[in-house]
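Okay, so here's the structure we're looking at.
All values reported here derive from a predicted model rather than from experimental measurement. In each ligand, atom 1 is the first atom listed, and ligand 1 is the first ligand listed.
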Amino acid sequence: MEGPISNECFDVINPANGEVVSKAAAGHEGDTQEAIEASYAAFQDWAATPATKRAEILIRIYQLMLERQKELAQTISLEMGKPLKQAMGEVKNAADYVLWNAEEGKRIYGKTMQASEENKRLKVIQQPVGPVGAITPWNFPLAMVTRKLSPALAAGCTVVLKPAEQTPGSAVQFFKLAEEAGIPKGVLNLVTGNPAKIGDALLSDKRIRKIAFTGSTAVGKHLLKNAAEQVKRVSMELGGHAPLIVFEDADLEQAVTNILRAKFFNSGQTCISPNRIYVQESVKEEFLTLFKEKVEGLKVGNGLEDDVDLGPVVNKAGLEKAIEHVEDAVRNGANLIYGGNECKVTGCENGYFYSPTILSDVDEAMLISHQETFGPVASIFTFDDELEVVNKANNTDYGLAAYIFTQNLSRSVRVSEGLEYGMVGINDTVLAQVQGPFGGMKESGMGREGGPDGLADFLETKFISTII
Ligand code: NAD
């Protein structure tokens with residue numbers, strides 16, 4: 001691995017205590033151009049490498065990730081605060097994407113068609129799209145990397161990756177182990193540093209044929225506009241504002257257990273976190289009692305300590321957003337059922353901790369009902385009937401994930417089909433599955449990651465017509 005041209009570095013900060021974890025290379029346009037050059041030079045050979053050979057290297061990467069699971073998880077936890085147990089789970093999930101795509105890459109098929117003339121032969125082949133620019137966020141710093149890089153590599157693409165500036169460490173470790181696994185020089189290229197400069201260099205270079213992005217809708221729109229200049233292909237995994245609907249016929253214990261995990265996992269910093277929890281009026285009191293009981297049992301602390309359920313949020317801005325959303329809701333009539341304050345954690349006085357929080361009687365006028373909080377705040381709305389709640393759930397520019405809890409089969413079919421979301425969980429909140437297409441509708445993005453669709457997003461379709 002080489003350092004940045006400028007020799008400049010920036011500090012990576014542990015959000016649990018404000019200490020500097022490490023220094024990362026402050027890359028700029030020049031570094032990005034070098035990386036693009038390398039990815040372009042390596043592309044033809046990698047694209048021509050048999051899929052079975054590419055799979056062997058990917059499987060070796062998968063094995064090394066599992067061997068180094070704890071090391072990788074510790075870096076994730078240090079850089080963005082996630083409890084170690086959750087970080088271990090992220091590494092396993094990230095590795096599973098690599099294995100799945102290694103296998104799926106062997107099954108890239110073409111087609112033949114019946115021509116209208118006797119002397120014609122028609123076929124379709126699938127080819128790698130070309131060198132890819134990948135840009136990833138801090139909230140799942142390793143899983144978001146492998147969700148892009150493993151299908152790209154399996155398809156025969158080369159990559160220039162720009163990870164989030166808050167969390168470069170696990171990406172650096174991943175690149176080292178990919179090198180150890182035998183990935184040829186130039187196939188994977190990493191540039192950490194200035195987001196806008198690296199992003200612009202990737203967008204403006206014609207050799208980069210696709211941008212694969214996960215992050216906020218605001219940055220996604222900026223990238224989309226600029227990608228249009230060269231009609232570059234894009235896949236966009238953007239923000240969300242997930243509704244979760246608890247009907248009166250739900251198994252409330254099951255609903256509460258799932259919501260607890262989905263809402264407070266990663267301190268609420270997930271794009272599919274339930275941001276609006278709609279509970280049918282007739283079961284509201286029972287639901288709140290059960291939910292509060294469980295939330296009271298959650299432990300906030302330094303993610304590297306045992307038994308911690310919630311680590312800090314990623315930075316000061318993240319903490320301020322949670323505070324702002326809760327204050328606004330309470331000022332406008334919401335009931336603070338639990339939490340609602342910054343948390344002091346002994347030994348971590350400079351950390352960004354916010355207590356798990358429950359608000360009830362939330363309504364559409366409040367900030368929290370239409371902005372992504374990205375913090376550990378559960379907002380409870382109520383509703384009376386099915387049609388009303390589906391309309392409310394769809395009343396947003398986002399369309400990433402939605403959830404429903406019901407024991408009524410017909411209702412589960414009706415409502416899941418009526419929700420304008422890329423993913424719907426029925427009595428389930430775990431949607432990031434290697435086999436499944438993860439992604440959103442509306443302003444939550446385009447394209448899918450995971451499953452056969454995730455691999456297809458790195459392939460071009462070519463039609464070949466031959467006169468014999
Ligand atoms: P962000 O958009 O601020 O940053 C994401 C990435 O974009 C980072 O690497 C950042 O450095 C880079 N970036 C920022 N400005 C850029 C620019 N001008 N040009 C090029 N790159 C630029 O988002 P974030 O705060 O890191 O992540 C949180 C957001 O990501 C939330 O909105 C969340 O919902 C979303 N997210 C979506 C998914 C999904 O699959 N849909 C998954 C995880 C996170």
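The proximity of F140 to ligand 1, defined as any non-hydrogen pair under 4.0 Å, does not occur for either the backbone or the side chain. Residue E449 does not touch ligand 1, judged by heavy-atom distances below 4.0 Å. Contacts of M80 with ligand 1, taken as heavy-atom pairs under 4.0 Å, are absent altogether. Using a 4.0 Å cut-off between heavy atoms, Q166 makes no contact with ligand 1 at all.
Taking distance alone, with nitrogen or oxygen atoms compared against 3.5 Å, T214 stays at or beyond that limit from ligand 1. Where the criterion is an N or O separation shorter than 3.5 Å, residue side chain and backbone included, G199 fails it with respect to ligand 1. Annotation: N139 places no N or O atom under 3.5 Å from an N or O atom of ligand 1; distance criterion only. Between L238 and ligand 1, at least one pair of N/O atoms sits closer than 3.5 Å. For ligand 1, the polar-atom distance check against W138 finds a nitrogen or oxygen pair separated by under 3.5 Å. Residue T217 places no N or O, backbone or side chain, under 3.5 Å from any N or O of ligand 1.
Protein heavy atom in closest approach to atom 9 (O) of ligand 1: T136 O, 2.7 Å. In terms of protein heavy atoms, atom 32 (O) of ligand 1 is closest to E372 OE1, 2.9 Å. Nearest protein heavy-atom contact of atom 38 (C) of ligand 1 is C271 SG, 3.0 Å.
Between the choices P195, A242, A401, the shortest heavy-atom distance to atom 13 (N) of ligand 1 belongs to P195.
Ring orientation note: the planes of H241 and Y398 are close to parallel, at an angle under 30° on the 30°/60° scale.
Atom 4 (O) of ligand 1 is not flagged as protein-proximal [any protein heavy atom, distance under 4.0 Å].
Under a 4.0 Å N-O distance rule, the pair R68/E180 qualifies as a salt bridge.
Aromatic pair Y403/Y278: ring centres not closer than 6.0 Å. Ring to ring, W46 and Y40 are not that close: their centroids are 6.0 angstrom or more apart.
Note: L419 CG to M441 CE = 9.5 Å, rounded to the nearest 0.5 Å.
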